[in-house]
**Q** 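Next up is a structure, given as structure tokens.
The sequence lines fix the lettering, A, B, ..., with proteins before strands; numbering per chain opens at 1. All of these numbers come straight from a predicted model, not from anything done at the bench.
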Amino acid sequence: MKNFCNVLKKKNYAFIYDVYERLYSLYGPQGWWPLLDLITENRDKTGVTGGYHPLDYDLPETLEQQYEIILGTILTQNTTWTSAEKALIKLKQMDIIQPQKLLTIEIKKLKEAIRCVGFHNQKSYYLKEISRFFIALDGKIPSRQDLLKVKGVGNETADSILLYAYKQPEFVVDNYTRRIFHNLNLINEINYIKLKNLFEQNLPIDVPIYQEYHALIVEHAKRYYQKKPYGVDDPLKE
DNA sequence: AACCAGGACGTGA
DNA sequence: TCACGTCATGGT
């Protein structure tokens, strides 16, 4: 039985890297995670995904940028980035994209500011929770385990924070990932951890690749996997 | 007018 | 563990 499992593990998942290269050649670098300053700075230049910071993998460079990314990961849960960005801009106008300041804002005002993202009752609470956590970190990199203890931070958000705010090699899985690879009849696994491991075991341990791959999956899914039937005219099928 | 969005949580099998 | 209902606003 044990041997049988080992045989299964040796199954060829080379397509995982192939798909990455294919998507990269289709769409190019996505430059996630988007930061407000760079969005407005680059919006007109690229136009495609809204700019971001293509090929600059040193970002984020400041605590404030890290914190902004973390707020974004919560705000964009089950919501379009467009809505999340609007909420972030409001928070910036209120000058509370700093954990200490955000904590002083009364919950009622915070709810109103982020209303457009939906789930504002719980997300406003989550934003305060992650802010306390961020302050307690005092600049240190959080463990995945500790992140998951924070209310509002699940598997995907934890990995997003680690990968994009802290440049840790944690592959981010989302519903699009499941949808695309299932539709292509390549992977049937739905368990988050198992899927995550599958990707990580078949890719070089490389932060920029992890960052780009997840962003590319989202970009690809927006084009071919938003409305049913999924995958119509998906170029990956050719 | 349904359906989905860069999910997470609480509950009950 | 796993499936399911719930949270809520905005766009197509």
Side-chain angles (χ1 to χ4, degrees), chain A residues 20 23 27 29-36 38-39 48-54 60 68-91 107-108 110-131 133 144-165 170-183 188-197 199 210-232:
Chain A
Y20 167 70
L23 292 176
Y27 309 124
Q30 300 299 296
W32 278 29
W33 192 273
L35 289 162
L36 287 182
L38 301 171
I39 291 173
V48 183
T49 57
Y52 309 159
H53 48 85
E68 180 188 315
I69 291 173
I70 291 171
L71 295 184
T73 62
I74 303 269
L75 290 171
T76 196
Q77 287 170 359
N78 201 42
T79 307
T80 60
W81 176 251
T82 313
S83 294
E85 187 184 309
K86 287 178 186 170
L88 268 179
I89 289 173
K90 284 189 182 177
L91 297 182
I107 199 78
K108 188 180 176 184
L110 190 54
K111 282 183 185 177
E112 195 51 41
I114 68 169
R115 170 175 290 277
C116 63
V117 301
F119 309 112
H120 55 281
N121 289 313
Q122 33 190 359
K123 282 185 181 176
S124 56
Y125 167 66
Y126 293 163
L127 292 184
K128 293 220 174 195
E129 288 296 294
I130 197 67
S131 297
F133 180 77
R144 192 172 191 280
Q145 191 177 7
D146 285 344
L147 270 172
L148 289 173
K149 292 176 186 168
V150 182
K151 289 300 176 189
V153 178
N155 277 313
E156 184 183 342
T157 303
D159 285 332
S160 292
I161 290 174
L162 288 169
L163 179 60
Y164 293 108
E170 302 284 349
F171 195 85
V172 178
V173 173
D174 67 345
N175 265 324
Y176 285 148
T177 311
R178 298 187 181 86
R179 189 178 298 171
I180 291 175
F181 284 87
H182 184 268
N183 183 275
N188 292 319
E189 182 60 55
I190 58 171
N191 178 275
Y192 187 94
I193 300 299
K194 289 181 181 174
L195 249 181
K196 169 186 169 72
N197 288 338
F199 277 85
Y210 286 13
Q211 289 183 339
E212 293 294 353
Y213 203 166
H214 173 60
L216 286 165
I217 285 173
V218 173
E219 178 60 27
H220 188 63
K222 281 179 177 172
R223 301 184 185 222
Y224 302 102
Y225 289 85
Q226 281 206 321
K227 57 176 187 286
K228 295 178 179 176
Y230 297 137
V232 177

**Q** Is the phosphate of B/dA5, meaning OP1 or OP2, less than 4.0 Å from a side-chain N or O of A/S83?
**A**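 Answer no for this pair, as no side-chain N or O of A/S83 is under 4.0 Å from OP1 or OP2.
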**Q** Using the P atom on both, measure C/dG5 against B/dC3 and round to a whole Å.
**A**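 Roughly 15 Å separates the two P atoms.
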**Q** Touch check for A/H120, heavy atoms < 4.0 angstrom, all strands: base, sugar-phosphate only, or nothing?
**A** sugar-phosphate
**Q** Using a 4.5 Å cut-off on heavy atoms from C-beta on, say whether the side chain of A/F181 contacts that of A/I217.
**A**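 Contact flag for A/I217/A/F181 side chains = yes.
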**Q** Name the residue closer to the 5' end of DNA chain C, choosing between A/T79 and A/T82 according to the nucleotide with the nearest heavy atom.
**A**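 First, find each residue's nearest nucleotide; the 5'-ward one identifies A/T79.
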**Q** Distance check, C1' atoms only: B/dA1 and C/dG11, in whole angstrom units.
**A**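 Between the two C1' atoms, the distance is 13 Å.
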**Q** For a quick test of reading the model: is some side-chain N or O of A/Y192 closer than 4.0 Å to OP1 or OP2 of B/dG7?
**A**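 No, no such contact exists.
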**Q** Select one nucleotide: of B/dA8, C/dC2, B/dG6, the one nearest the side-chain heavy atoms of A/Y176.
**A**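 Looking only at heavy atoms from C-beta outward on A/Y176, the closest nucleotide is B/dG6.
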**Q** Among the candidates C/dC2, B/dC4, C/dC7, find the nucleotide nearest to the side-chain atoms of A/F119.
**A** C/dC7
**Q** Using the ring of each side chain (for Trp, its six-membered ring), is A/W32 parallel, tilted or perpendicular to A/H214, with breaks at 30° and 60°?
**A**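 Judged by the thresholds at 30° and 60°, the geometry between A/W32 and A/H214 is perpendicular.
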**Q** Between P on B/dA8 and CG on A/L147, what's the gap in Å once rounded to a whole number?
**A**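 Answer to the nearest Å: 11 Å.
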**Q** Within the structure shown, what part of the strands sits under 4.0 Å from A/V117 by heavy-atom distance: base, sugar-phosphate, or nothing?
**A**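 The residue A/V117 makes no contact with any strand.
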**Q** When you match A/V150 and A/H214 each to their closest nucleotide on DNA chain B, which lands nearer the 5' end?
**A** A/H214
**Q** Could you tell me whether the side-chain ring of A/W32 sits stacked on the base of B/dG6, using a centroid cut-off under 5.5 Å and a plane angle under 30°?
**A** yes
**Q** Compare side-chain N and O positions of A/Q226 against OP1 and OP2 of B/dG6 and report whether any pair is under 4.0 Å apart.
**A**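 Yes, because at least one side-chain N or O of A/Q226 sits under 4.0 Å from OP1 or OP2 of B/dG6.
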**Q** Give me the distance, rounded to whole Å, that separates C/dG10 from B/dA8 when you measure between the P atoms they each carry.
**A**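 It works out to 22 Å between them.
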**Q** Between B/dG6 and C/dT6, how far apart are the P atoms? Round to whole Å, please.
**A**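 23 Å, rounded to whole Å.
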**Q** A/Y164 versus A/T73: any side-chain heavy-atom pair under 4.5 Å?
**A**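 A/Y164 does not reach A/T73 side chain to side chain.
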**Q** Are A/E112 and A/K90 ion-paired here, with the side-chain N under 4.0 Å from a carboxylate O?
**A** no
**Q** Closer than 4.0 Å, any side-chain N/O of A/K228 to the OP1 or OP2 of C/dT12?
**A** no
**Q** Mind checking A/E156 for me? I need base, sugar-phosphate or nothing, with any heavy atom below 4.0 Å counting as a touch.
**A**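 Here A/E156 touches the backbone only, sparing every base.
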**Q** Quick check on C/dT1: is either OP1 or OP2 less than 4.0 Å from any side-chain nitrogen or oxygen of A/K194?
**A** no
**Q** Select base, sugar-phosphate, or nothing to describe what A/G118 touches, counting heavy atoms under 4.0 Å on all strands.
**A** base
**Q** Would you please confirm or rule out a distance under 4.0 Å between OP1 or OP2 of B/dA8 and any side-chain N or O of A/N155?
**A**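 The answer is no; no side-chain N or O of A/N155 sits under 4.0 Å from OP1 or OP2.
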**Q** Does a side-chain N or O from A/R179 land closer than 4.0 Å to OP1 or OP2 of B/dC4, or not?
**A** no
**Q** Applying salt bridge (Lys or Arg N to Asp or Glu O under 4.0 Å) as the test, list every pair that has at least one member in residues 117-130 of chain A; sequence neighbours left out.
**A** A/E129-A/R132
